[in-house]
Amino acid sequence: MADETKKSVVVVGAGVIGASIALELQRRGLAVTLIDKGEPGRGTSFGNMASIALDFAAGSGPSTWKKIPGWLLDPEGPVWLRPSYAARMLPWFLRFLAAGRPSRLREIEDAGMSLSHRALGDFREMLQAIGAPELMTEEGCLAIYETEAEFAADRAHLAMMQRYGLEFEVLSNGAIQYYEPALSPAIARAVLLADNKSIRDPYKLVVKLADAAMAAGAAFVSGTVRNIERKGDGTAVVLLEDGRRIEAGSVVLAAGVHTRFLAEKLGEPIPLETERGYHTQIMRPGISMRYSVIWPHRAFMVTPTAGGIRVGGNVELAGLDAAPDFRRPRVLVRHAQRALPGLKVEEATEWMGHRPALPDTIPIISPSAKMPGVFYATGHGHLGLTFSATTALVIADMVTGVKPSVDITPFRIDRY
């Protein structure tokens with residue numbers, strides 16, 4: 001029985017990160033229990049923008065501090081910091097600004113791109129493992145710029161992509177409509193990111209990952225984890241709110257922003273905040289799209305997914321408990337209609353979710369610095385879907401004692 005416990009793993013969180021990890025650990029011969037307070041895929045992963053985005057971008061830069069007053073004053077801007085939450089955000093913001101120093105920025109880009117370079121290949125292999133390669137489209141993404149000034153303002157990001165060997169093609173006027181006829185002819189420039197793929201239905205993906213893990217022998221438990229303790233023999237004990245206790249050899253914390261509460265109880269607080277994101281899912285859009293479209297200047301995306309067209313993105317900083325402000329997705333839809341003049345909003349639903357955001361943009365993929373046998377996979381921000389398969393492989397390597405193929409030093413939990 002002791003040997004069986006040592007070969008067991010509890011994964012806390014059944015979003016795309018947790019479900020991917022559960023599947024990979026089960027495939028490696030461990031006995032996995034996946035725990036979530038809801039059904040797999042019904043949290044933040046349900047409403048993401050379905051994008052495999054390889055063009056990693058750090059959130060903070062040398063001039064970011066100049067933008068903060070605008071974030072406080074413009075409720076329709078790409079980032080909205082609710083004034084009532086500003087004081088709570090101050091420690092996080094100071095770290096965020098520090099991450100934008102030129103020397104630190106290059107380190108962050110190196111770390112993010114170390115995951116991005118593997119992400120697409122790892123994702124394809126994961127889809128093959130669950131027998132669902134068709135869930136990924138073969139079309140890429142178009143980054144659009146309404147004016148030449150917008151395009152010029154994004155040159156630093158394009159230069160970063162060139163530096164890391166990411167392929168892209170700059171398009172103008174007629175060529176833009178050739179790739180995506182639904183786009184307005186007023187769009188001055190576009191950049192074709194051929195390797196930035198989309199997922200046909202991100203919720204269905206998580207369900208398939210969880211189902212594949214359970215078909216291989218994993219168990220699913222519905223419940224809220226209260227704490228984790230370690231017995232004298234090294235066994236971990238996962239304590240649930242309802243009094244249940246689950247013993248395991250290892251525990252992986254992949255509960256998104258909620259991971260911070262468990263980390264605090266383990267004595268290693270992490271600066272994990274929620275970037276609240278919104279989407280509008282339109283089931284009768286009046287247009288068809290082959291490519292996903294991102295408008296960097298306005299910080300939103302339009303993706304054909306989940307049987308319709310999804311408009312979403314930008315950031316609201318207001319904590320976990322504030323009520324949603326559905327003015328924000330409506331602003332995004334208006335912007336989307338400017339780029340896609342034929343877009344109609346019929347049979348539409350609105351949604352809000354909590355991206356787990358760290359001030360330096362890169363995730364925590366790390367063993368605990370306090371409790372042996374506990375591992376973290378959180379803080380992926382806008383790139384949870386993109387990095388899910390690679391994160392699963394790295395965590396599975398660490399749990400099983402294999403040296404990861406990615407240098408995990410930049411992602412350690414005690415880097416703050």
Q: Looking at Phe387 and Gly112, what are the two nearest heavy atoms and their distance?
A: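 Residues Phe387 and Gly112, closest heavy atoms: CZ-O, 3.7 Å.
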Q: Check the pair Glu150 / Trp295 against side chain to side chain donor-acceptor pair (under 3.5 Å), numbers first and verdict last.
A: CA-CA 10 Å; Glu150 281 186 16; Trp295 194 337; 2.9 Å; yes
Q: Using atom types as modelled and distance alone, determine if a side-chain donor or acceptor of Arg27 lies under 3.5 Å from a backbone N or O of Ala22.
A: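 Side chain of Arg27 to backbone of Ala22: no pair is present.
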Q: Counting only heavy atoms not in Lys37 (residues, nucleotides, ligands), do more than 12 fall under 6.0 Å from its NZ?
A: no
Q: Start with the C-alpha distance between Ile395 and Met398, add both sets of side-chain angles, then the distance that settles side-chain contact (heavy atoms from CB on, under 4.5 Å), and finish with yes or no.
A: CA-CA 5 Å; Ile395 287 289; Met398 290 192 287; 3.5 Å; yes
Q: For atom CD of Glu148, is the number of surrounding heavy atoms from other residues, nucleotides or ligands below 6.0 Å larger than 12?
A: yes
Q: Using only atom types and a distance under 3.5 Å, with no angle test, would you say the side chain of Thr400 pairs donor to acceptor with the backbone of Ala396?
A: yes
Q: Are Leu115 and Phe56 close enough that some pair of their side-chain heavy atoms sits under 4.5 Å apart?
A: no
Q: Going by heavy atoms in the side chains, are Leu135 and Lys208 under 4.5 Å from each other?
A: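 A side-chain contact under 4.5 Å exists here.
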Q: Could you check whether any side-chain N or O of Thr33 sits under 3.5 Å from a backbone N or O of Ala219, counting only pairs where one atom can act as donor and the other as acceptor?
A: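 Answer holds: no.
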Q: Do the non-hydrogen side-chain atoms of Glu350 and Tyr278 ever get within less than 4.5 Å of each other?
A: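 Heavy-atom side-chain distance check fails, nothing below 4.5 Å.
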Q: Decide whether Asp55 and Tyr164 meet the rule of one side-chain donor and one side-chain acceptor closer than 3.5 Å.
A: no
Q: Quick check against the 3.5 Å criterion: does Lys231 have a side-chain atom that pairs as donor or acceptor with the backbone of Glu247?
A: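 Pair absent, no side-chain N/O of Lys231 close to backbone of Glu247.
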Q: Measure the shortest side-chain to side-chain distance between Thr280 and Thr349 over non-hydrogen atoms and say whether it is less than 4.5 angstrom.
A: no
Q: Go through it in stages, so that I can follow the logic: the residues are Val251 and Met371, the test is side-chain contact (heavy atoms from CB on, under 4.5 Å), and I'd like the CA-CA distance, side-chain angles, deciding distance and then a yes or no.
A: CA-CA 10 Å; Val251 179; Met371 183 178 288; over 6 Å; no
Q: Report yes or no: does Glu241 contribute a side-chain atom to a donor-acceptor pair with the main-chain N or O of Gly223 at less than 3.5 Å?
A: no
Q: Kindly determine whether Ile35 and Ile246 satisfy side-chain contact (heavy atoms from CB on, under 4.5 Å), including the steps that lead there.
A: CA-CA 10 Å; Ile35 302 178; Ile246 302 174; 3.7 Å; yes
Q: Within the distance-only criterion (no hydrogens, no angle test), does the side chain of Arg276 pair as donor or acceptor with the backbone N or O of Ala322 below 3.5 angstrom?
A: yes
Q: Does a side chain donor of either Ser198 or Glu139 reach within less than 3.5 Å of an acceptor in the other side chain?
A: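 Absent: no donor and acceptor within the cut-off.
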Q: Any side-chain to backbone donor/acceptor pair from Ser366 onto Ile413? Under 3.5 Å, distance only.
A: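 Here the side-chain-to-backbone pair exists.
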Q: Who passes ring pair (Phe, Tyr, Trp, His ring centres under 6.0 Å) against His279, sequence neighbours left out?
A: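 Counting only residues at least two positions away or on another chain, His279 forms a ring pair (Phe, Tyr, Trp, His ring centres under 6.0 Å) with Trp351.
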Q: Not counting sequence neighbours, which residues clear side chain to side chain contact (heavy atoms under 4.5 Å, CB included) with Arg88? List them please.
A: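 Residues passing side chain to side chain contact (heavy atoms under 4.5 Å, CB included) with Arg88: Tyr85, Arg260.
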Q: Please answer whether the main-chain N or O of Gly256 pairs with a side-chain N or O of Thr378 as donor and acceptor at a distance below 3.5 Å.
A: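 Side chain of Thr378 to backbone of Gly256: a pair is present.
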Q: Quick one: do Leu262 and Val225 satisfy side-chain contact (heavy atoms from CB on, under 4.5 Å)? Show the steps, please.
A: CA-CA 8 Å; Leu262 295 172; Val225 175; 3.9 Å; yes
Q: Would you call Glu180 and Arg290 a salt bridge, using N to O less than 4.0 angstrom?
A: no
Q: Flag this pair as yes if the NZ/CZ of Arg189 is under 6.0 angstrom from the six-membered ring centre of Tyr145 and inside a 45 degree cone about the axis; otherwise no.
A: no
Q: Can you tell me if CG on Asp242 sees more than 12 non-hydrogen neighbours from other groups inside 6.0 Å?
A: yes
Q: With heavy-atom distances below 4.5 Å as the criterion, would you say the side chains of Glu169 and Tyr179 are in contact?
A: yes
Q: Hey, is CZ on Arg28 packed in by over 12 heavy atoms from elsewhere, all under 6.0 Å?
A: yes
Q: So do the side chains of His157 and Gln162 get within less than 4.5 Å of each other, counting heavy atoms only?
A: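 No, too far: nothing below the 4.5 Å cut-off.
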Q: Hydrogens and angles aside, do His354 and Glu275 bring a side-chain donor and acceptor to less than 3.5 Å of each other?
A: no
Q: Just by modelled atom types, is the Val32 backbone N or O under 3.5 Å from a matching donor or acceptor in the Gln26 side chain?
A: yes
Q: Quick one: which of Asp360, Leu358, Ile365 gives a side chain to side chain contact (heavy atoms under 4.5 Å, CB included) with Ile362?
A: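 Going through the options one by one, the only one that passes is Asp360.
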Q: For the backbone of Arg124 and the side chain of Gln128, can you confirm whether one donor and one acceptor N or O come within less than 3.5 Å of each other?
A: no
Q: Would a 4.5 Å heavy-atom cut-off, applied to side chains only, mark Leu81 and Met89 as touching?
A: yes
Q: Could you check if a side-chain atom of Ile309 sits within less than 4.5 angstrom of a side-chain atom of Thr303, using non-hydrogen atoms only?
A: no
Q: More than 12 non-hydrogen atoms from neighbouring residues, nucleotides or ligands closer than 6.0 Å to CZ on Arg284, yes or no?
A: no
